[in-house]
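This report refers to the structure that appears directly beneath it.
Note that the structure is predicted; figures quoted are calculated from it, not measured. One-based numbering, in listed order, for ligands and for the atoms of each.
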Amino acid sequence: MDNANLVLKAIEARKSSYSPYSSFMVGSALLTKSGKVFCGCNIENAGFSPTNCAERTAFFKAVSEGERDFTAIAVAGWGKDEEPAQAFPCGVCRQVMREFCDPETFKVLVAKNDKGGYTEHTLNALLPHSFGPGNFF
Ligand code: THU
């Protein structure tokens, strides 16, 4: 799966967003080293704090299916009735990525619009000087 198609999958996954409180719809598509794609969306909750971001939904789906090796994630997020615009992963999602991914090589593709345009970033660029599994003995 190439980057452009991964971004299109995130845009498609955004349609499943359950976001009645913020109306901010987010989709994600996580690529494993073996070539599988796990999609996710944000899932909100009346209690607010149980809300899960699209990125973490994809990670938790994948890890719960036995996957732990990832190469890239695409993210597409903008308001329900808004013009498509770029939104970067939140800090909590960056830390979840850090748990499973090499910060130097894992790519975060952030959709710029609903046509497939995106920018590409290493996890290290989004979460510099990070704390991760290597900090434990
Ligand atoms: N959201 C995501 O799904 N991913 C992010 O990285 C940022 C925020 C969701 C959470 C919430 O449902 C909505 O966007 C507004 O914060």
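- Using a 4.5 Å cut-off on side-chain heavy atoms (C-beta onward), Gln86 and Thr119 make contact.
- The closest side-chain heavy-atom distance from Arg56 to Ser28 is not below 4.5 Å.
- Contact check for Glu44 versus Ser22: side-chain heavy atoms found under the 4.5 Å cut-off.
- Counting heavy atoms from C-beta on, the side chains of Pro89 and Val75 come closer than 4.5 Å.
- A donor-acceptor contact shorter than 3.5 Å is absent between the side chain of Asn42 and the backbone of Asn52.
- Taking a distance limit of 4.0 Å, we find that atom 6 (O) of ligand 1 is approached by some protein heavy atom.
- The option with the heavy atom closest to atom 12 (O) of ligand 1, from among Glu44, Arg56, Glu55, is Glu44.
- Annotation: Phe70 is not in aromatic contact with Phe38 [ring centroid separation under 6.0 Å not met].
- In Ser22, the part holding a heavy atom less than 4.0 Å from any atom of ligand 1 is the side chain.
- Protein heavy atom nearest atom 14 (O) of ligand 1, with residue, atom name and distance: Phe24 CD2, 3.5 Å.
- Atoms of ligand 1 found under 4.0 Å from any heavy atom of Pro89, numbered from 1 in the order shown, are 6 (O).
- Here's the thing with Cys53: none of its N/O atoms is less than 3.5 angstrom from an N/O atom of ligand 1.
- Ranking the protein heavy atoms by distance from atom 3 (O) of ligand 1 puts Ala54 N, 2.9 Å first.
- Residue-to-ligand polar distances place Asn42 within reach of ligand 1: an N/O pair is separated by less than 3.5 Å.
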